[in-house]
Each structure stands twice: as C-alpha cells, then as structure tokens.
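Have a look at the structure below before the remarks.
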2 protein chains.
Amino acid sequence: MNIGEVSKNTGLPAKTIRYYEDIGFVTPARGDNGYRSFSEKDQHKLVFLGRARGLGFSIEDCRTLLALYEDQGRASADVKRVAQKNLTEIDRKIADLQAMRGTLSHLVANCAGDGRPDCPILEDLGRS
Amino acid sequence: MNIGEVSKNTGLPAKTIRYYEDIGFVTPARGDNGYRSFSEKDQHKLVFLGRARGLGFSIEDCRTLLALYEDQGRASADVKRVAQKNLTEIDRKIADLQAMRGTLSHLVANCAGDGRPDCPILEDLGRS
DNA sequence: CATAAAGGTTCCAGTCACAGGAGGGTCAAG
DNA sequence: CTTGACCCTCCTGTGACTGGAACCTTTATG
C-alpha cells in the first residue's frame, strides 16, 4: 500500500506517517520507485499509535506501549503503570482547566459586553 | 528595579520576562550597566500578563487584552468577545480530556496489572 | 503521444511559549 | 582581592507535528 491509502485507512495524515517513520515507529519497505510500501502489519501499528495518541499518550509512552504490545511475555502491570500515569496527568490538566473555567466564566458573566469601557475582566487582570 | 526583583514580585521567571520584552509586551529602561530597569508600570503590566496567561489566554490574546486595558476608550464588548472565545476553547479542551479520561479510566480499571500478559488496554488499542 | 493532474519523494522552516546553557560582564560583601 | 550572586546576549531544544518548496512518478484524458 502507498502512503495515501494507509493515510485514508488509518485517519492519520501522510505527514504524520512519515514523521512516525522518522522516529522509528514503522519501517515500511520501499518500491523501485522509492515509494513507501506498507504491509498490513505496518498499518495495524499505525492504527494502534493513532488510538494511543488519541488517548493522550505521549510519543515516548507510545513507544513503550508499542514495545509492550509486541512483547508476548510482557506483564500487564507495566502497561497499567503507563496508563495510570497518563490518567493522572489528564486529571491534572482537567483540574487546571476547570480552575481557569471557573474564574473566567464568572468574569465573562459579569461583563456587560457593551460599548462602555468598564469591564470586570480587565479589572480582575489588573487588580493590584 | 532589576529583573530579579520583578521576577520575585510577579512570580514570572526572568527568562519569561526577557521573552515578554522580546515580543514587545514591556520595554523597560536600561541602566548604564546595560541592566533592565523596570518601573512600577512595567511590573504592573507583567502582573496583568501573568494573570491573563494563567487564565489560558494565548500570547496574541494577551496582546489584545493589554491594548484594551490601556485604551480608556475601549468597549467592554471587545474584551468580552476575546474572553468568551477563550472560554469556548477551554470548554472544548475539557471535553476532549473528559472523553479521553472516560475511555482510559475504564481500561485501567479493567487491567489486572499483574505479571500476566493479558491486558485490556493493549487489546483496545490493537483491536482491528 | 503529449500533457496535465494526482500522488509520491526529500529537506527545511515554522509553530507555541518559553527553558537550558554557554560565555561573558557587573556589583556588593568580606 | 576574591567570591558569589546577579545580570547580559545569543543559540539551541522542546513536542508533535504542519506547511511549503522543488522535484520525480504514475495515471487519466484529449
């Protein structure tokens, strides 16, 4: 398969797939014309990576997860630890955003949003 | 004031303050020794910026907000629009993270996390 | 058969908002 | 006089791609 078809099948942009090759996630064969030639296995790996990224795993975590995926002798504890760490990080990000949201929505609600210059949003940002 | 004191007062790293000068947020005077010399007003701007960044506004939005802050003839509608856009963006990010969290917490909860290789997390990522 | 569109290739630069570090100058205390 | 704490500029790196230039190959069409 050429990169375009794999892109369509996996939902990953061709640019991203080339990048994933660069960083060693896949090593597709090459045709006589220099075009990448992806196997089913390559494509399957890319689907795996797309899902892992979609769950917020970093590239380095994806590398770990992919290695575990291909290691039949893995311990599920190793997988769980990586996932748990990511989950904790996601919770932290959510909490940060909720805090921002709390303050910001309050300020927005109290701003008249008309032609006058008085604005509680700027007052809050500039309070001494 | 030297950059160190301003850093302490504002909570912003000196590196960040220099960066904010680079991008035109502040233009502190310079002493004969080449050191930056910050006025109260410079410091106040930096506090403003630190708060705005803390509420998730992008650098470009901060630029807009700072300009509005210093424009006595502003319309609060302009401020509100910027803030509302940021709020919408924050909500989108929260929703994305909540979706990840939902899937991931479910998978983590179902993973034994022991020495055996069977793992619902990898099974989900690798499903065909 | 010529050509044009669509797809492929590499390589370099840009994104965002800084952080780290090298290599140096300046200032206050002992 | 030296030591250590500041300060300066300039360059590079971060994460995970994305955009674009310049070029080659394949496929469809007149």
Side-chain angles (χ1 to χ4, degrees), chain A residues 1-38 42-43 45-46 48-66 85-86 89-90 92-93 96-97 100, chain B residues 1-38 42-43 45-46 48-66 85-86 89-90 92-93 96-97 100:
Chain A
M1 278 177 296
N2 282 350
I3 200 169
E5 192 180 348
V6 175
S7 171
K8 199 161 55 67
N9 293 342
T10 62
L12 297 171
K15 280 274 186 189
T16 300
I17 296 172
R18 292 195 192 97
Y19 172 66
Y20 285 175
E21 180 183 8
D22 263 8
I23 61 176
F25 278 175
V26 285
T27 45
R30 294 290 179 136
D32 293 344
N33 52 14
Y35 285 18
R36 289 170 182 80
S37 175
F38 293 84
D42 290 328
Q43 181 170 276
K45 272 195 198 181
L46 290 168
F48 180 99
L49 290 166
R51 291 217 186 93
R53 293 285 301 129
L55 288 178
F57 288 101
S58 71
I59 289 288
E60 281 319 299
D61 281 351
C62 285
R63 201 184 294 282
T64 304
L65 289 174
L66 195 55
K85 182 174 66 73
N86 187 29
E89 183 65 13
I90 287 172
R92 197 191 52 72
K93 286 181 185 167
D96 286 356
L97 288 167
M100 286 182 196
Chain B
M1 277 177 298
N2 282 350
I3 200 168
E5 192 180 349
V6 176
S7 170
K8 199 160 55 63
N9 293 343
T10 61
L12 296 172
K15 280 273 185 189
T16 299
I17 297 173
R18 293 196 192 97
Y19 172 66
Y20 285 174
E21 181 184 7
D22 263 8
I23 62 175
F25 278 175
V26 286
T27 44
R30 294 289 180 138
D32 292 345
N33 52 14
Y35 286 18
R36 289 170 182 81
S37 175
F38 293 84
D42 289 329
Q43 183 170 279
K45 272 194 198 182
L46 290 168
F48 180 98
L49 290 165
R51 291 217 186 95
R53 294 284 302 130
L55 288 179
F57 288 100
S58 72
I59 289 289
E60 280 319 299
D61 281 350
C62 286
R63 199 184 297 281
T64 304
L65 290 174
L66 194 55
K85 183 174 66 75
N86 188 27
E89 183 65 13
I90 288 172
R92 197 191 53 73
K93 286 181 185 166
D96 285 357
L97 287 167
M100 285 183 197

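Proteins come first, then strands; the chains are lettered A, B, ... in the order of their sequence lines, and each starts at number 1.
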Strictly below 4.0 Å, heavy-atom distances to any atom of DNA chain C: list the hits from residues 51-63 of chain A, or just say none. none
Whole angstrom value for the distance that separates P of dG15(D) from CG of N86(A): 15 Å
Regarding R92(A) and E89(A), does a basic nitrogen lie under 4.0 Å from an acidic carboxylate oxygen? yes
With D61(B) via side-chain hydrogen bond (donor to acceptor under 3.5 Å, both in side chains) - residues at least two apart: K85(B)
Taking every non-hydrogen atom, the tightest pair across C62(A) and F25(A): CB-CZ, 4.1 Å
So, E21(A) and R18(A), do they make that salt bridge, N to O below 4.0 Å? no
Counting N and O atoms only, with roles assigned by atom type, does the side chain of N2(B) sit under 3.5 Å from a partner on the main chain of G4(B), one being a donor and the other an acceptor? no
OG1 of T10(B) to CD of E5(B): how many Å apart, nearest 0.5 Å? 10.5 Å
Residues of residues 22-35 of chain B with any non-hydrogen atom less than 4.0 angstrom from an atom of DNA chain C: list those, numerically ordered, please. N33(B), Y35(B)
Quick one: list whatever passes side chain to side chain contact (heavy atoms under 4.5 Å, CB included) with S7(A), sequence neighbours left out. I17(A)
Go through the steps to decide whether F57(A) and L49(A) satisfy the test side chain to side chain contact (heavy atoms under 4.5 Å, CB included), and finish with yes or no. CA-CA 9 Å; F57(A) 288 101; L49(A) 290 166; over 6 Å; no
Take the protein atom CZ of F38(B) and the nucleotide atom P of dC6(D), then report the distance between them rounded to whole Å. 16 Å
In residues 5-21 of chain A, which ones come under 4.0 Å of DNA chain C, going by heavy atoms? K15(A), R18(A)
Do any N or O atoms from the side chain of R51(A) and from the backbone of L55(A) form a donor-acceptor pair under 3.5 angstrom? no
Has the side chain of R63(B) got a donor or acceptor atom that lies under 3.5 Å from a matching backbone atom of I23(B)? yes
Between T16(B) and L12(B), is there a donor-acceptor pair closer than 3.5 Å when you use the side chain of the first and the backbone of the second? no
Of all nucleotides in DNA chain C that come within under 4.0 Å of a heavy atom of chain B, which is furthest toward the 5' end and which toward the 3' end? dA17(C) to dC27(C)
Scanning both residues in full, the closest heavy-atom pair of I59(B) with Y20(B) reads CD1-CE2, 3.8 Å
Does the N9(B) side chain pair with the main chain of Q43(B), one donor and one acceptor, at a distance under 3.5 Å? no
